[in-house]
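No hydrogens, no waters, no symmetry mates; every other heavy atom, side chains included, goes into these values. Residue numbers begin at 1 in each chain, while the letters A, B, ... track the order of the sequences.
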Amino acid sequence: MTTSTALPKQYDPSEVEPRWARFWLENGYFHADESSPTVPYSITLPPPNVTGSLHIGHALGSTMQDILIRWKRMHSFNAMWMPGIDHASIAVHVLLEKDLKRRESKTRFDLGREEFLRRAWAWKERSGHRISEQEKLMGFSLDWPRERFTMDEKSNRAVIEAFVRLYEEGLIFRAKRMINWDPASETVVSDLEVDVVEESGSLWEIRYPLVGGGGEIVVATTRPETMLGDTGVAVHPDDERYRDFVGKHVELPLTGRTIPVVADTFVDPAFGSGAVKVTPAHDPNDYECAQRTGLPILQVIDPRGRMCAPAPEKYVGLTVEEARKAVVADLEAAGALGNVKDYKVPRGRSQRSGAVVEPMLMEQWFVKTATLAEKAVAAVESGKTKFVPELWTKTYMHWMTNIRDWCISRQLWWGHRIPAWHCACGAITVAREAPTACATCGGATLSQDDDILDTWFSSALWPFSTLGWPEKTRELATFYPNNVLVTGPDIIFFWVARMMMMGLHFMGKVPFRTVYLTAIVTDENGDKMSKTKGNVIDPLDVVHGASLDQLLKRADAENAPEAAVKNIRKYFAKGIPAMGADALRFALARLNTSGRYIRLSIERVEGSRNFINKLWNASRFALMNLDGYEPERFAAQLHIPVGGAGAAGAAGAAGAAGAAARAALGMPERWILSRLQAVAGEVDAALESFRFSDAANAIYHFVWDELCDWYIELAKPHLHQGPELEQDPAKAARRHVVQGVLATALETTMRLLHPFAPYVTEEIWQKLPKLPQLPGSLMITVFPRRDEAWIDAAAEAEMQLVQGVATTCRMLRATYGVPPSQQIAVELRASADAARALIEKHLPLIERSARITATVVASGGPVPGAAKALVGADIEVLMPLGGLIDVAAEKGRIEKDIGKVDKEIAALEKKLGNADFLARAPEDVVEEQRARLADEQTRRQRLADALDTLAASGSGGGGGAGVGGAGGAA
RNA sequence: GGGCGAAUAGCUCAGCGGAAGAGCGUCGCCCUUACAAGGCGGUGGCCGCAGGUUCGAAUCCUGCUUCGCCCACCA
């Protein structure tokens, strides 16, 4: 048992946190056994990109997961949290290639596939290690021995198996389709990886003269350079203006080609001239139009984003932008240019590289999604998987029901190579192992497809590939499906939807029962955090602290723009104090309400840091006053079962003996233990429905407003140690009981708070004197469960009365500037016998908390020079201030109260005067309103009396000086 | 162009049919031996606007206004 009084006044997380992080890991507490007979509870961590380090979004999501996992683990579930890292193919490419260009002025093609991959792996080793270290630092109880990487051997095997099976089932196919080409990364990207943004551009009109004269057709375009690849002009079949043109040909300027005019319904006659130039190779609409009308396809832009033959020689090799200028100039020179106007152009940009995406016609690998999506929709419709908050269900459904085939091939190197081999005969062999002969012609010269798979393909398999699939493992049987997936709404399509499809297809079961979508963390102004803006809060800086200088130095090293540096100076002028992982975790939990965004700022974390410190000091106080406390004796006294390590929350007495023992406790003891049970119930209920904020706030308010502000204050006199204890066994016994209740309340609080703030709770818990049967760590104790036996409505009501009277006395003191050091006499009047008896019973508590000496009476006459206030309707507090009372101020205060009461009375009378209300509202509601009206009327009477008294004592008083106070009341 | 969401105290947000709440800020008074990262008290709200449903609306419905976000191939 520790009774150290040497604890520091301020909690220092930097010393405490690493110690317990090591302790938990060394003891293997995070590891779950797949063979355990207990009920499994599993979560798979969304694997962070290997490119990054832990950012605030990870901190949020992972903290919520850790809260769930630690909570369920303490509720005796076989809790498993699967760690891992994602290879993030295109993100790694962008990052490494940028670096390569800057340092060596080379492209990945200069380096070659092999050398590039060597560097990528080296990067992965460094970066991946850093991420898991950061996760350990945050206290995340991940099952480390299971840690996986999306490109490790097992994942490779799963990916190949999935690919081959889907291919054999006809769900993966190769086809020439219109795709999104990223000319910077030189790869195709999926529809989801393109962001369409409106950018300012121009709308050019071009005149196409009819072959053989007789007029011209004017077309409008935002991309004049593509006219070099035009193979037709389309008009609406019903458009009178162009009826005669259909079937004729026009001259395509600059090219010497002639192209036909065709009719197609996709043309909107009301837009522009009503005629559209058709470039089938470089526009999805035009491609479809060509399919319908039989126009030929002419590719004039190559994969590097440059013009190519059959565009006229002079343009070949120009970038799209250069070609645009040249074409416009040449058109103008040829007199073929019409009006030009400014225009907002929707432009697709590659999410990763930022390059303008070029629609191209190319042969690629696709997943046929129609049937897969159908099952994924059905699973959500039938409730096998639920979204929390529910509103995301619609987003998922809408996308799923409008899903398009998924282009999965990428012309990159870092990723899973597609298990397909091309033969000179043109056939493709898809196989698990490199084939020795072509499956079609038997030829032996095979070359593997150069492409790799979209990163999200391996991610889609993650919930089961991490558990050993395609083997039928014990892990899969135990932990699949996962109970929950916690992730951001921004990857519902990328990831959640695809896991649903693949999970249902390969496992026949949904991958998770609940999808909990977190909010998105923004800065205090609601702007997305980004390094270019300089508003990023790095979770590790919050944990360890960072001076402004350090932040600026880092920004400098990262070549942050000037605006970012300016913002860093503004947002982090005083740097970031070291607040510890607990403070950050608790802050995130408290801020995680049902909204879509969390505005985070350093000040908001400080509130939680302060809370942790408050808890620390309350524990410090307890430890200073727990000498001589014997947990086993206390447990026996209260008939708390001391069964094995799994014994329920320390407060858990049962049976008649227990009830008798409880009744013998003092009111504050019964009250705080009752409140504790209520809070335990609230926390469980809140977490059950993913209301993290409610759960954290319930504990916050219990600890601060009830345990610290009231219980500890009321316990102090009993804890005081002195010679009188030896002479008075009753006092000594009482002290021991109070010690026991305080220790118990704290111990239970540590359990409740542990999932949110694991470090400080473990530190305190280890120091608290407690039963020897308990396990070696707080994290494997049992989570408190609300126990009705301890709920004590009478104690709660009595305490409320004490608090009300004390608070009212304090208010009068403060109003009249009675200094805290000065005891002051008050008269407490209560006409109701029950209330008066209670006040008398708890008078010492009231006197102590309000620093008064009180006399209690049933009623009395006017007391001149006394300030007066009401507690509820019946109880009056009179504070005699002699001639020092400020009559005007007192009058003002009371009149204001009367104003409020009058408003209440008017509203209630109106309500009760309404026959419909009496007839239709439920009985208890009507009764309640009646009781309230009666109370308000009593209050009104008392306040009016007080005002009369004041008027009578009247003019003489009122210097405004409080008793011994300098300023008096305002 | 479709869809989703939000408007409540100075700020950030809870509450979602029966008495307007929290945190931060602000204003007083206090270094009262657990805690100044603290204590005690105060101030502050036609719950976006207009209708409707209901005995009763911040809460349900409709419309409007303003802000977000997502999806979508109009040259």
Polar pairs (N or O, both sides) under 3.5 Å between protein and nucleotides 42-44 of chain B?
residue, atom, partner, partner atom, Å
U43(B), OP1, Lys896(A), NZ, 3.3

Distances under 3.5 Å between nitrogen or oxygen atoms of protein and nucleotides 3-7 of chain B:
residue, atom, partner, partner atom, Å
C4(B), O2', Arg596(A), NH2, 2.8

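With both ends at atom P, the span from G48(B) to G38(B) equals 33 Å, rounded to whole Å. Here, G21(B) and A9(B) have their C1' atoms 10 Å apart, quoted to the whole Å. As rounded to the nearest Å, G51(B) and G18(B) have P atoms that lie 23 Å from one another. Remark: the separation of the P atoms in G15(B) and C29(B) is 37 Å, to the nearest Å. Taking the P atom of each, C61(B) and C24(B) are spaced 34 Å apart, rounded to whole Å. G2(B) and C73(B) are spaced 16 Å apart, taking the P atom of each and rounding to whole Å. Comparing the C1' positions of C60(B) and G41(B) gives an interatomic distance of 40 Å, to the nearest angstrom. Annotation: G10(B) and G17(B) have their C1' atoms spaced 30 Å apart (nearest Å).
When the C1' atom of G41(B) is taken as reference, atom CG of Asp705(A) falls 15 Å away, rounded to whole Å. Summarising the geometry, the separation between NZ on Lys614(A) and C1' on C24(B) is reported as 17 Å, rounded to the nearest angstrom. In this structure, Arg223(A) places its CZ atom 12 Å from P of A75(B), rounding to the nearest Å. If you measure from atom CG of Asn610(A) to atom P of G25(B), you get 9 Å, rounded to the nearest angstrom. The CH2-P distance, from Trp616(A) to G38(B), rounds to 17 Å in whole Å. In this structure, CD of Glu603(A) is placed 18 Å from C1' of A22(B), rounded to the nearest angstrom. Going from atom CD of Glu198(A) over to atom C1' of C71(B) covers 15 Å, rounded to whole Å. A straight line from CD1 of Ile764(A) to P of C35(B) spans 15 Å, rounded to a whole angstrom.
Regarding contacts with the backbone of A75(B), a side-chain N or O of Tyr343(A) is found under 4.0 angstrom from either OP1 or OP2. Proximity of Arg404(A) to the phosphate of C73(B): a side-chain N or O atom is located under 4.0 Å from OP1 or OP2. Between Trp392(A) and C71(B) there is no side-chain N or O to OP1 or OP2 distance below 4.0 Å. The shortest distance between the side-chain N/O atoms of Arg590(A) and the OP1/OP2 oxygens of G23(B) is not below 4.0 Å.
Among the atoms of the strands shown, only primed sugar atoms or phosphate atoms (P, OP1, OP2) are found under 4.0 Å from some heavy atom of Gly595(A). When heavy atoms are screened at a 4.0 angstrom cut-off, Arg609(A) is found touching base atoms of the nucleic acid. Contact annotation for Gln929(A): backbone-only contact, meaning every heavy-atom pair under 4.0 Å involves sugar-phosphate atoms and none involves a base. Within the 4.0 angstrom heavy-atom criterion, no nucleotide atom of any strand lies near Trp204(A). Across all strands shown, Tyr396(A) has no heavy atoms under 4.0 Å from either base or sugar-phosphate atoms. Counting any heavy atom pair closer than 4.0 Å across all strands shown, Ala919(A) reaches no nucleic acid atom. Among the protein residues, Glu390(A) comes within range of no part of the nucleic acid, since none of its heavy atoms lies under 4.0 Å from any strand. Among the heavy atoms of the strands, none lies under 4.0 Å from Tyr287(A). When heavy atoms are screened at a 4.0 angstrom cut-off, Pro577(A) is found touching no nucleic acid atom at all. Note on Phe611(A): nothing from the nucleic acid sits closer than 4.0 angstrom, heavy atoms only.
Distances were taken from every side-chain heavy atom of Asp709(A) (C-beta onward) to each of G18(B), C70(B), G39(B); the shortest belongs to G39(B). Counting only heavy atoms from C-beta on, Arg604(A) has its side chain closest to G23(B) among C55(B), A34(B), G23(B).
For Asp239(A), the salt bridge (charged side-chain N to carboxylate O under 4.0 Å, His left out) criterion is met by Arg241(A), not counting sequence neighbours. Taking Arg599(A) as the reference, nothing meets the salt bridge (charged side-chain N to carboxylate O under 4.0 Å, His left out) condition, with sequence neighbours excluded.
Of the residues in residues 266-279 of chain A, those placing a heavy atom less than 4.0 Å from an atom of RNA chain B are Val267(A), Asp268(A), Phe271(A), Val276(A), in numerical order.
Using a 4.0 Å cut-off between charged side-chain N and carboxylate O, Glu904(A) and Arg940(A) make no salt bridge. In summary, Asp283(A) and Arg223(A) do not engage in a salt bridge, as defined by a charged side-chain N under 4.0 Å from a carboxylate O.
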Which is it for Arg620(A) and Tyr11(A) under the side chain to side chain contact (heavy atoms under 4.5 Å, CB included) test, yes or no, and what are the steps along the way?
-> CA-CA 10 Å; Arg620(A) 204 170 134 253; Tyr11(A) 174 64; over 6 Å; no
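Rounding to the nearest 0.5 Å places CG of Leu908(A) at 8.5 Å from CD of Gln937(A).
The shortest non-hydrogen separation linking Ser693(A) to Thr593(A) is OG-CG2, 3.5 Å.
Along RNA chain B, the nucleotide closest to Arg932(A) and the one closest to Thr221(A) are compared, and the more 5′ of them pairs with Arg932(A). Map Arg810(A) and Val196(A) each onto its nearest nucleotide of RNA chain B; the residue landing nearer the 5' end is Arg810(A).
Note that Lys614(A) lies outside the cation-pi zone of Tyr700(A), set by a 6.0 Å cut-off to the ring centre and a 45° limit from the axis.
Evaluation of atom-type donor-acceptor distances gives no pair under 3.5 Å for the side chain of Glu936(A) against the base of A19(B).
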With both pairing distances under 3.5 angstrom for Watson-Crick or G-U wobble, and | for a partner in another strand, the correct string for RNA chain B is ((((((((.[[[[.)..(..]]]].(((((.......))))).....[[[[[..)....]]]]])))))))....
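Aromatic ring centres of Phe387(A) and Trp392(A): separated by at least 6.0 Å.
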